[in-house]
Number of protein chains: 2
Amino acid sequence: MTPIHSFKSAAAEKRSHQSYFKIGLSVDCVIFGYADKELQVLVIKSDLKEFAGQWSLLGDLVRPEEDIDEASYRVLEERTGLKNVFLEQAQAFGECDRHPSGRVVTIAYYSLIDINNHKLQFNENELSWKPVRTLKKMAFDHRKILDTCLQRLREQVFEKPLLFNLLPVKFALRDLQELYESVLGEPLDRRNFRKKIAVKEWLRDTGELERSVVHRPGRLYAKSQSGKR
Amino acid sequence: MTPIHSFKSAAAEKRSHQSYFKIGLSVDCVIFGYADKELQVLVIKSDLKEFAGQWSLLGDLVRPEEDIDEASYRVLEERTGLKNVFLEQAQAFGECDRHPSGRVVTIAYYSLIDINNHKLQFNENELSWKPVRTLKKMAFDHRKILDTCLQRLREQVFEKPLLFNLLPVKFALRDLQELYESVLGEPLDRRNFRKKIAVKEWLRDTGELERSVVHRPGRLYAKSQSGKR
DNA sequence: CTGAAAATATGTACTTATTACACATTAGGA
DNA sequence: TCCTAATGTGTAATAAGTACATATTTTCAG
């Protein structure tokens, strides 16, 4: 057994650096958006020949001088220009053969951003939004990572006001309900949904109404101040 | 930005190995037990001078040829001799300065075992069980890791039949309730607790009664077959 | 043998949360 | 002015969670 928490002898240390420090460490970000009434995820074309034509999540190796949380924020900011957005660690994925070019353990994060309230920074490698539904196969184990993050998100949506991050500042309750339905993958009863949201005090009535709808307009709401990320 | 998922040029690859592959990767196991009506955790004396006299969790560097899950099982088995027990990943911890000897990112796992149903394998470094309550300060960020795992455990105890792993095969309902109270850190109403457990069908009545108690003996139960880990 | 001690086993009323479900109202457009 | 398509709203029924008290069973002491 290698005493991880000791590093005592020089020999042990050398051995560590020779064999144990050859594991690469990366972060991968599952960046969710919402458009066309569907949950979307930000992906990039893989440039590994093994995965030619397949989509992969946004990720990067963790730098020696940055925390893993910093690394994930960096990846997010480099691609979206956004800072100070919700970003949370989901899980580490560390199967030996998950990366064809070598041993890379990755730590998955997920984030929620408003697609229309930012511009993608680099359009290299066909960086783009894809509906989660349509991504059958992805590079690496990224479909599995996406599923894990989506599941985590589903567990959280009624606990924390996360989904507001996917919407513009003002939105109708119908928009919010459709978003919840997209994320949860099931229809919700309108009255029960409104009641459930109402008791949480996540919403602030802006006093405004929808415009340009061909029916009775709904009230527009915004995330209330008390509703934290 | 380093293209983590490409490794295209030789120069980039060299740079990767020079700077990015210098992050150590470990697993740390929070191994819970139950004794003296208290939740216990398996710890070892740190042999780092920075943490002289402090307790640390059981961990080890991940080997290049093993999955991270395998690594955590290995740590658990090396110390307890146990295989095929519940062990689940909680979270990765990757602050730059969490390890005084260098950059080591660790992935935390937690496990639940029956203290009396195994023998500790190595008694080096004062490997021992300590009540969670009494561990104020620990080596590294291990107290934080412990807290995270404990919180995760608390969220799960009424969802999955986890705590049975901490008890002997046969136990009275009072034992089970006391265990739940230890883990949750709060008293529970006896009648409501029994009702809550009953509907889950995690228990099988063995037909036996407690012995050598100085009062009316309680029925002994065992984990039912349907109740998975 | 009896009584005291200490725990087990159990049910009900109250409150809160979840579900199912229908109709009057409003604005736009023809 | 009427039609369309949506908004906005309440109640009854069920399920889940909480608070709470008494009779029963065993051991032990006298």
Side-chain angles (χ1 to χ4, degrees), chain A residues 36-37 154-161 163-164 167-224 227, chain B residues 36-37 154-161 163-164 167-168 170-222 224 227:
Chain A
D36 305 326
K37 310 211 167 184
R154 285 174 174 166
E155 291 163 4
Q156 301 262 304
V157 289
F158 284 117
E159 308 301 319
K160 299 177 188 171
L163 296 189
F164 300 94
L167 292 174
V169 175
K170 297 175 184 176
F171 50 85
L173 278 181
R174 163 142 290 257
D175 299 327
L176 186 64
Q177 183 178 339
E178 283 172 344
L179 170 54
Y180 268 86
E181 288 172 337
S182 293
V183 170
L184 296 173
E186 63 185 18
L188 300 172
D189 177 86
R190 185 148 49 106
R191 277 171 291 188
N192 294 339
F193 173 75
R194 290 160 101 99
K195 203 191 307 175
K196 196 162 184 172
I197 295 294
V199 298
K200 299 199 190 294
E201 302 187 334
W202 289 344
L203 292 179
R204 182 172 56 80
D205 189 339
T206 64
E208 296 173 59
L209 295 178
E210 284 183 295
R211 287 159 183 279
S212 317
V213 287
V214 64
H215 54 75
R216 176 178 175 180
R219 284 200 184 122
L220 291 177
Y221 291 86
K223 194 167 93 172
S224 79
Chain B
D36 305 326
K37 311 213 165 183
R154 284 175 175 165
E155 291 163 4
Q156 301 262 305
V157 289
F158 284 117
E159 308 301 319
K160 300 178 188 171
L163 296 189
F164 300 94
L167 292 173
K170 296 174 184 175
F171 50 86
L173 278 181
R174 163 143 289 258
D175 299 326
L176 186 64
Q177 183 178 340
E178 283 171 345
L179 171 53
Y180 268 86
E181 289 171 336
S182 294
V183 170
L184 296 173
E186 62 184 19
L188 300 171
D189 177 86
R190 186 147 50 105
R191 279 170 289 189
N192 294 338
F193 174 75
R194 291 160 102 99
K195 205 191 305 176
K196 196 163 184 172
I197 295 295
V199 299
K200 299 199 191 292
E201 301 187 335
W202 289 343
L203 292 180
R204 184 172 55 82
D205 188 340
T206 64
E208 296 172 59
L209 295 178
E210 283 183 295
R211 289 159 181 279
S212 316
V213 286
V214 65
H215 53 75
R216 175 177 176 180
R219 283 200 184 122
L220 291 178
Y221 292 85
S224 78

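Just so you know, these numbers come straight off a predicted model, no measurement behind them. Hydrogens, waters and symmetry mates play no part in the numbers below; they use all other heavy atoms, side chains included. Throughout, a chain's letter reflects where its sequence line sits, starting with A, and its residues are numbered from 1.
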Could you check how far CZ of A:R174 sits from P of C:dT26, rounded to whole Å?
19 Å
Sequence-distant partners of B:V157, side chain to side chain contact (heavy atoms under 4.5 Å, CB included), two or more places apart
B:L153, B:L163, B:Y180, B:V183, B:L184
If I take atom CZ in residue B:F171 and atom P in nucleotide C:dT8, what distance separates them, rounded to the nearest angstrom?
14 Å
What residues form a salt bridge (charged side-chain N to carboxylate O under 4.0 Å, His left out) with B:D205, not counting sequence neighbours?
B:R219
Please list every donor-acceptor pair under 3.5 Å in which a side-chain atom of residues 208-217 of chain B meets a protein atom from a residue at least two apart or in another chain.
unit_1: B:E208; atom_1: OE1; unit_2: B:K170; atom_2: NZ; d: 3.3
unit_1: B:E208; atom_1: OE2; unit_2: B:K170; atom_2: NZ; d: 2.4
unit_1: B:E210; atom_1: OE1; unit_2: B:G218; atom_2: N; d: 2.8

What residues form a side chain to side chain contact (heavy atoms under 4.5 Å, CB included) with B:E155, not counting sequence neighbours?
B:Q151, B:R152
Tell me the interatomic distance from A:L173, atom CG, to D:dG8, atom C1', rounded to whole angstroms.
10 Å
Using nucleotides 23-30 of chain D, report all nitrogen or oxygen pairs with the protein that are shorter than 3.5 Å.
unit_1: D:dT24; atom_1: O2; unit_2: B:R216; atom_2: NH1; d: 2.9
unit_1: D:dT25; atom_1: O4'; unit_2: B:R216; atom_2: NE; d: 3.3

Give me each pair satisfying salt bridge (charged side-chain N to carboxylate O under 4.0 Å, His left out) with a member in residues 179-195 of chain B, each pair once, sequence neighbours excluded.
none
Euclidean distance, atom CZ of residue B:F193 to atom P of D:dA16 [Å, nearest integer]:
18 Å
How long is the line joining CD of A:E208 and P of D:dT7, in whole Å?
18 Å
To the nearest angstrom, how far is B:L176 atom CG from C:dT8 atom C1'?
15 Å
Provide the closest heavy-atom pair for A:K223 versus A:F164 in the form atom of the first, atom of the second, distance.
CD-CB, 3.5 Å
Letter per nucleotide, 5' to 3', of nucleotides 10-17 of chain C [B base touched, S only sugar-phosphate touched, - untouched; heavy atoms, 4.0 Å]:
BBB-----
How would you list, by chain and number, every residue that makes a salt bridge (charged side-chain N to carboxylate O under 4.0 Å, His left out) with A:E178, sequence neighbours excluded?
A:K37, A:R174
Might you point out which heavy atoms bring A:I197 and A:F158 nearest each other, and give the distance in Å?
CD1-CE2, 4.3 Å
Whole angstrom is fine here: how far is it from CD in A:E210 over to P in C:dT25?
21 Å
